[in-house]
Amino acid sequence: MILNFFQRVYAVVQRIPSGNVATYGLIADLIGTKDARRVGHALHANPDSSKTPCHRVVFSDGRLAPGYAFGGPEEQRRKLESEGVSFLPNDRVILSLHLWDPT
DNA sequence: CAAGTGACAATAA
DNA sequence: TTTATTGCCACTT
């Protein structure tokens, strides 16, 4: 059973360990595509938030997604902090400190 | 079938 | 450093 693009995105997102974050571009690269946009669409179409921690996926700049589907960017920021992720005054995640290393 | 839209990223100014 | 523009590709209308 081959996995759909969306399911593949979900699989990678679920692989992100707590306290780390991944960028759309990174996920796209892991899957084998360059289109980070599709990754965004996949997460927006995300059927189960508790199953797919899309809150750990951020922009390449470290900023949170504009249309977070679970209660707004505030909720997302709160969850990330709860997992041990630190933020800069700019509302940006410290990617250099929390960016997931897929190794 | 064609055009428009979008949870992005890279480049230019 | 921030804002604007362009490119990519899939999905919706």
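Since the structure is predicted, the reported quantities are computational estimates derived from the model, not experimental observations. Here is the naming used below: chain letters follow the sequence lines, and residue numbers restart at 1 for every chain.
Taking 4.0 Å as the cut-off between side-chain N and carboxylate O, Glu81(A) and Arg78(A) do not count as a salt-bridged pair. We find that Lys34(A) and Asp29(A) are not joined by a salt bridge, their nearest charged nitrogen and carboxylate oxygen being 4.0 Å or further apart.
If you measure from atom CG of Asp35(A) to atom C1' of dG6(B), you get 10 Å, rounded to the nearest angstrom. Distance, Leu43(A) CG to dC11(C) P: 14 Å, rounded to whole Å. Atom CZ of Arg63(A) is separated from atom P of dA10(B) by 13 Å (rounded to the nearest Å). Spacing between atom CZ of Arg77(A) and atom C1' of dA7(B) amounts to 17 Å, rounded to whole angstrom units. Put simply, CZ on Phe5(A) is 11 Å from P on dC9(C), counting in whole angstrom units. One atom, CD1 of Ile27(A), and another, P of dC8(C), lie 22 Å apart when rounded to the nearest Å. Distance, Leu80(A) CG to dA7(B) C1': 14 Å, rounded to whole Å. The nearest whole Å value for the distance from the NZ atom in Lys79(A) to the P atom in dA7(B) is 19 Å.
Tyr24(A) comes within contact range of at least one nucleobase, with a heavy-atom separation under 4.0 Å. In this structure, Ala65(A) reaches the bases: a heavy-atom distance under 4.0 Å links it to at least one base atom across the strands shown.
Looking only at distances, no side-chain donor or acceptor of His98(A) sits under 3.5 Å from a matching main-chain atom of Val93(A). In this structure, the side chain of Tyr24(A) does not engage the main chain of Asp35(A) through any donor-acceptor pair within 3.5 Å.
When the nearest nucleotides of DNA chain B are assigned to Arg38(A) and Asp61(A) by heavy-atom distance, the more 5′-ward of the two goes with Arg38(A).
Cation-pi geometry between Arg92(A) and Phe87(A) is not satisfied (NZ or CZ under 6.0 Å from the ring centre, within 45° of the ring normal).
Considering only the side chain of Asn90(A), dT2(C) comes nearest among dA7(B), dA10(B), dT2(C). Among dA9(B), dA10(C), dA7(B), the nucleotide with an atom closest to any side-chain atom of Cys54(A) is dA7(B). Distances were taken from every side-chain heavy atom of His41(A) (C-beta onward) to each of dC8(B), dG6(B), dC11(C); the shortest belongs to dG6(B).
For dC8(C), its base sits under 3.5 Å from the side chain of Arg37(A) at one donor and acceptor pair at least.
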